[in-house]
Student: 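Can you keep this structure in mind? I'll have questions shortly.
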Amino acid sequence: MKIQASITIPYAVANYADLRDRGFYYVDKTDYIPRLEAYKAPVFLRPRRFGKSLLVSTLAHYYDRTLTHRFEDLFGGTYIGSHPTPEHNRYMIIRYDFSAMVMADNMEGLEQNFNILNRGPVEIMVTHNRDLFGDFQFSTRENAAQMLEEALTYAREHGLPPVYILIDEYDNFTNQLLTSYNDPLYEKVTTADSFLRTFFKVIKKGIGEGSIRTCFCTGVLPVTMDDLTSGYNIAEILTLESDFINMLGFTHAEADAYLRYVLDKYTGSQERYDEIWQLIVNNYDGYRFSPKGEKLFNATILTYFLKKFAVNKGEVPEEMIDENLRTDIGWLRRLTLSLENSKAMLDALVIDNELYYNVADLSSKFNKQKFFDKNFYPVSLFYLGMTTLQNGFRMTLPNLTMRSIYMDYYNVLNRIDGGANRYVPTYERFVDERDFESLVRNYFEQYLGQFPAQVFDKINENFIRCSFFELVSRYLSSCYTFAIEQNNSEGRADFEMTGIPGTDYYTDDRLVEFKYYKAKEAEKMLELDAPLPEHVEQVHRYAEDTLRHFPNYKVRTYVVYICANRGWKCWETSVSYTHLRAHETRSN
């Protein structure tokens with residue numbers, strides 16, 4: 001089968017017309033358009049990198065009266081193309097993008113930059129609809145709110161079609177004020193008669209008078225919307241509504257179809273489906289926005305991977321994490337306010353992999369004061385996409401990508417030396433010798449060896465899994481993919497590393513059962529000559545499951561005991577079950 005060379009994976013493509021005209025792959029979300037028409041001031045929140053801008057662009061192209069002639073080109077083959085609503089191509093579109101706001105250190109500078117940014121969209125609307133606006137001219141081009149009000153007044157007085165307003169990343173610049181610790185300026189922007197409140201008051205008035213059909217806003221947090229209070233108290237936040245839970249992010253069915261498309265187009269075969277599916281589930285799945293909702297993939301980050309995969313002609317990319325995600329760590333520093341709070345929060349996530357929360361706190365609005373309340377951290381992190389709902393009581397880290405980011409921050413916060421000289425010699429030898437035991441030795445001596453004795457009383461197996469994964473993946477991500485607590489028919493495997501297809505490591509699969517023992521049990525476990533039979537049986541069951549799915553893999557299994565700061569043991573166990581091949585070691 002001939003493999004096509006053109007790349008049609010739309011990473012960083014946020015213009016709907018561009019996406020359709022150039023034949024990019026499109027996950028059809030247009031069935032949500034009729035549902036949105038029930039609202040006048042909807043607000044939809046999602047973490048960064050979930051595809052909010054493409055949704056805004058889709059709505060703009062659907063409702064724009066000047067694009068009637070392109071309806072079939074743009075929406076043919078989609079749900080809404082076959083089931084158009086009476087409102088398609090009926091409105092004049094004004095599209096704002098607050099993420100482009102240039103920051104300033106004072107109110108005057110912010111207001112000036114806001115006006116410079118937001119006078120353009122209303123001018124463009126008038127220009128595109130000049131057949132209706134005739135010789136209309138703005139009395140000023142210095143004030144964005146006044147320009148909007150003048151255009152709306154003219155439209156209402158002359159019986160023009162209503163305006164459909166779209167505001168992408170409505171809280172982007174106000175969030176920047178919060179992360180930069182500029183709370184006084186944030187409060188000025190969101191209170192009294194500030195330029196931002198005045199702008200939203202004009203929109204509220206336009207909706208009330210009928211000159212605005214809808215104002216649809218996207219963003220990350222409900223904080224700014226709540227702090228605007230009476231300036232825009234008509235907003236309806238749809239983020240947690242069951243009808244809209246899956247509007248952004250890819251369901252398993254959508255991701256499945258996407259992956260199969262990519263495999264067919266860029267490898268010519270579905271042969272590697274199971275391997276790649278497991279890889280993307282581990283790294284990009286896991287976001288749940290309702291206690292009863294299904295897990296979703298981060299749409300933009302999954303597309304990042306699939307584009308890299310396509311560009312590499314079917315090879316798994318060395319870098320699995322879009323570096324844009326790492327910038328979110330600034331929120332962790334700002335949110336926790338103190339080093340003590342940061343460490344407590346990270347301990348809960350990295351050691352226990354859970355935070356308790358009150359489901360009532362997921363309510364659609366909360367203000368800045370509540371956002372920075374220590375007891376509200378779980379919900380704040382949830383909206384930022386840095387935790388997700390495990391169930392109605394606990395939050396957890398969604399996937400390996402976020403575990404890696406948190407673990408990295410944990411190491412920085414605890415001043416753990418990440419210098420390559422501690423690790424590179426061991427990993428350099430491993431790529432030739434493939435000796436897994438050497439990785440455990442290096443991890444215990446060079447990583448765990450940096451922690452004070454009291455830490456070993458509170459860490460657990462989850463911490464061992466996460467920290468070992470973060471270290472190993474740091475140096476071997478070009479050779480192996482990784483899984484922590486991999487779900488299979490036999491339970492949840494602690495750790496698995498699998499050679500990447502197309503490399504010399506392909507089919508090399510290592511399965512590890514980690515056990516952690518605190519100081520009171522350490523000496524007893526260090527005296528063992530062999531791992532406990534139940535631990536061997538456990539890891540062998542996982543190996544059986546792997547071999548059922550991937551019979552070509554060369555699976556090697558290990559039982560590893562970390563015995564506080566006293567020592568460690570690593571046994572390789574025979575998958576044939578006929579005997580155990582033990583490699584016993586003990587630290588000094």
Side-chain angles (χ1 to χ4, degrees), residues 14-18 21 36-37 40-41 53 56-75 84-102 108 110-170 193-217 231-232 234:
N15 182 289
Y16 180 75
D18 187 40
D21 290 343
L36 285 171
E37 290 186 356
K40 292 287 189 181
S53 296
V56 165
S57 180
T58 304
L59 294 173
H61 286 83
Y62 180 75
Y63 288 112
D64 193 338
R65 61 176 291 274
T66 70
L67 293 176
T68 304
H69 65 291
R70 295 217 57 203
F71 183 80
E72 184 57 34
D73 291 341
L74 295 175
F75 293 97
T85 66
E87 297 185 44
H88 79 86
N89 301 119
R90 278 190 54 186
Y91 304 120
M92 301 185 292
I93 304 298
I94 303 178
R95 182 176 172 183
Y96 297 101
D97 181 3
F98 285 9
S99 70
M101 174 80 171
V102 177
E108 293 74 21
L110 278 180
E111 183 171 4
Q112 180 180 5
N113 293 343
F114 182 87
N115 287 322
I116 291 172
L117 173 67
N118 293 309
R119 64 193 182 194
V122 68
E123 283 187 297
I124 291 170
M125 184 274 289
V126 170
T127 300
H128 283 183
N129 294 276
R130 184 56 75 178
D131 60 316
L132 301 179
F133 276 90
D135 59 357
F136 166 82
Q137 297 295 326
F138 293 102
S139 67
T140 177
R141 283 182 166 79
E142 303 300 321
N143 187 297
Q146 185 177 334
M147 291 175 68
L148 175 60
E149 188 162 30
E150 287 181 6
L152 294 175
T153 299
Y154 184 92
R156 186 172 64 254
E157 289 177 348
H158 292 79
L160 304 190
V163 171
Y164 197 113
I165 292 181
L166 296 145
I167 304 178
D168 198 10
E169 302 286 0
Y170 92 95
D193 292 320
S194 72
F195 63 87
L196 186 62
R197 289 193 76 197
T198 299
F199 180 81
F200 275 101
K201 282 181 179 179
V202 171
I203 294 175
K204 177 182 174 181
K205 178 184 175 186
I207 292 173
E209 293 175 342
S211 54
I212 296 176
R213 163 55 175 94
T214 294
C215 177
F216 178 73
C217 297
Y232 199 61
I234 60 172

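Residue numbers run from 1 in the order of the sequence given. Predicted model, so just to flag it, every value in this text is computed and none were measured.
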Student: For the atom pair NZ (K204) and CD1 (I212), what is the distance rounded to the nearest 0.5 Å?
Tutor: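 It comes to 12.5 Å.
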
Student: So which atom in Y170 and which in F98 form the shortest heavy-atom distance, rounded to 0.1 Å?
Tutor: O-CD2, 3.2 Å

Student: Using 0.5 Å steps for rounding, measure from the CE atom of M147 to the CD1 atom of I94.
Tutor: 9.5 Å

Student: Aromatic rings F71 and Y62: how do their planes relate, parallel, tilted or perpendicular, breaks at 30° and 60°?
Tutor: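 The arrangement is tilted - the two ring planes meet at 30° to 60°.
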
Student: Does some side-chain heavy atom of R95 sit less than 4.5 Å from a side-chain heavy atom of I124?
Tutor: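 No; the side chains remain at least 4.5 Å from each other.
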
Student: Take E111 and S194 through the side-chain contact (heavy atoms from CB on, under 4.5 Å) test and state the conclusion after the steps.
Tutor: CA-CA 9 Å; E111 183 171 4; S194 72; over 6 Å; no

Student: For a side-chain contact (heavy atoms from CB on, under 4.5 Å) check, start with the C-alpha distance between Q112 and E142, then their side-chain angles and the critical distance, and finish with the verdict.
Tutor: CA-CA 8 Å; Q112 180 180 5; E142 303 300 321; over 6 Å; no

Student: Measuring only between side-chain heavy atoms, which start at C-beta, is I234 closer than 4.5 Å to K40?
Tutor: no

Student: Got a second to check how far I203's CD1 is from T198's OG1, nearest 0.5 Å?
Tutor: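 The distance works out to 11.5 Å.
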
Student: Would you mind reporting whether T214 and L59 have side-chain heavy atoms less than 4.5 Å apart?
Tutor: no

Student: Less than 4.5 Å apart, any side-chain heavy atom of N115 and any of F195?
Tutor: no

Student: Measure up the Y96 and F199 rings against each other and bin them: parallel (under 30°), tilted (30 to 60°), perpendicular (over 60°).
Tutor: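 Aromatic pair Y96/F199 classed perpendicular.
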
Student: Side chains of L132 and R65, heavy atoms from C-beta outward: is any pair under 4.5 Å?
Tutor: yes

Student: Hey, does S211 have a side-chain heavy atom less than 4.5 Å from the side chain of V163?
Tutor: no

Student: Using ring centroids (six-membered ring only for Trp), state whether F216 and Y164 fall under 6.0 Å.
Tutor: no

Student: Evaluate the criterion side-chain contact (heavy atoms from CB on, under 4.5 Å) for residue pair D168 and S99; output intermediate values, then yes/no.
Tutor: CA-CA 7 Å; D168 198 10; S99 70; 5.7 Å; no

Student: Donor-acceptor check, side chain of D64 to backbone of A60, threshold 3.5 angstrom: yes or no?
Tutor: no

Student: Restricting to non-hydrogen atoms, name the atom on P162 and the atom on G210 that form the minimum distance, rounded to 0.1 Å.
Tutor: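 Scanning both residues, the minimum pair turns out to be CB-O, 3.9 Å.
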
Student: To the nearest 0.5 Å, what is the distance between CG on L117 and CG on D97?
Tutor: 7.0 Å

Student: Using the six-membered ring wherever Trp is involved, compare the ring planes of Y16 and H61 and label them parallel, tilted or perpendicular (cut-offs 30° and 60°).
Tutor: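 Answer is tilted, since the angle falls between 30° and 60°.
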
Student: Would you say D131 has more than 12 foreign heavy atoms packed within less than 6.0 Å of its CG?
Tutor: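 It does: D131 CG has more than 12 such atoms within range.
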
Student: Start with the C-alpha gap between F200 and C217, add the side-chain angles, then the distance that decides, and say whether side-chain contact (heavy atoms from CB on, under 4.5 Å) holds.
Tutor: CA-CA 11 Å; F200 275 101; C217 297; 4.3 Å; yes

Student: How many angstroms lie between atom CG of L110 and atom CD of E108, to the nearest 0.5 angstrom?
Tutor: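 Result: 9.0 Å between the selected atoms.
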
Student: Between R70 and D21, does any side-chain N to carboxylate O distance fall below 4.0 Å?
Tutor: yes

Student: Kindly indicate whether the side chain of V126, heavy atoms from C-beta on, has any atom under 4.5 Å from the side chain of M92.
Tutor: no

Student: Mind checking whether R213 and R90 have side chains closer than 4.5 Å, heavy atoms only?
Tutor: no

Student: Donor-acceptor pair, distance only, cut-off 3.5 Å: does the side chain of Y63 make one with the backbone of I93?
Tutor: no

Student: Is the backbone of E149 close enough, under 3.5 Å, to the side chain of T153 for a donor and an acceptor to pair up by distance?
Tutor: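 Checked: pair present.
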
Student: Once the angle between the rings of F138 and F136 is folded into 0 to 90°, is it parallel (under 30°), tilted (30 to 60°) or perpendicular (over 60°)?
Tutor: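 The arrangement is perpendicular - the two ring planes meet at more than 60°.
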
Student: Identify, with sequence neighbours excluded, every residue that meets side-chain contact (heavy atoms from CB on, under 4.5 Å) alongside Q137.
Tutor: R130, R141

Student: Strictly distance-based, threshold 3.5 Å: is any side-chain N or O of E150 a donor or acceptor partner for the main-chain N or O of S139?
Tutor: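 Checking the backbone N and O of S139 against the side chain of E150, a donor-acceptor pair under 3.5 Å is found.
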
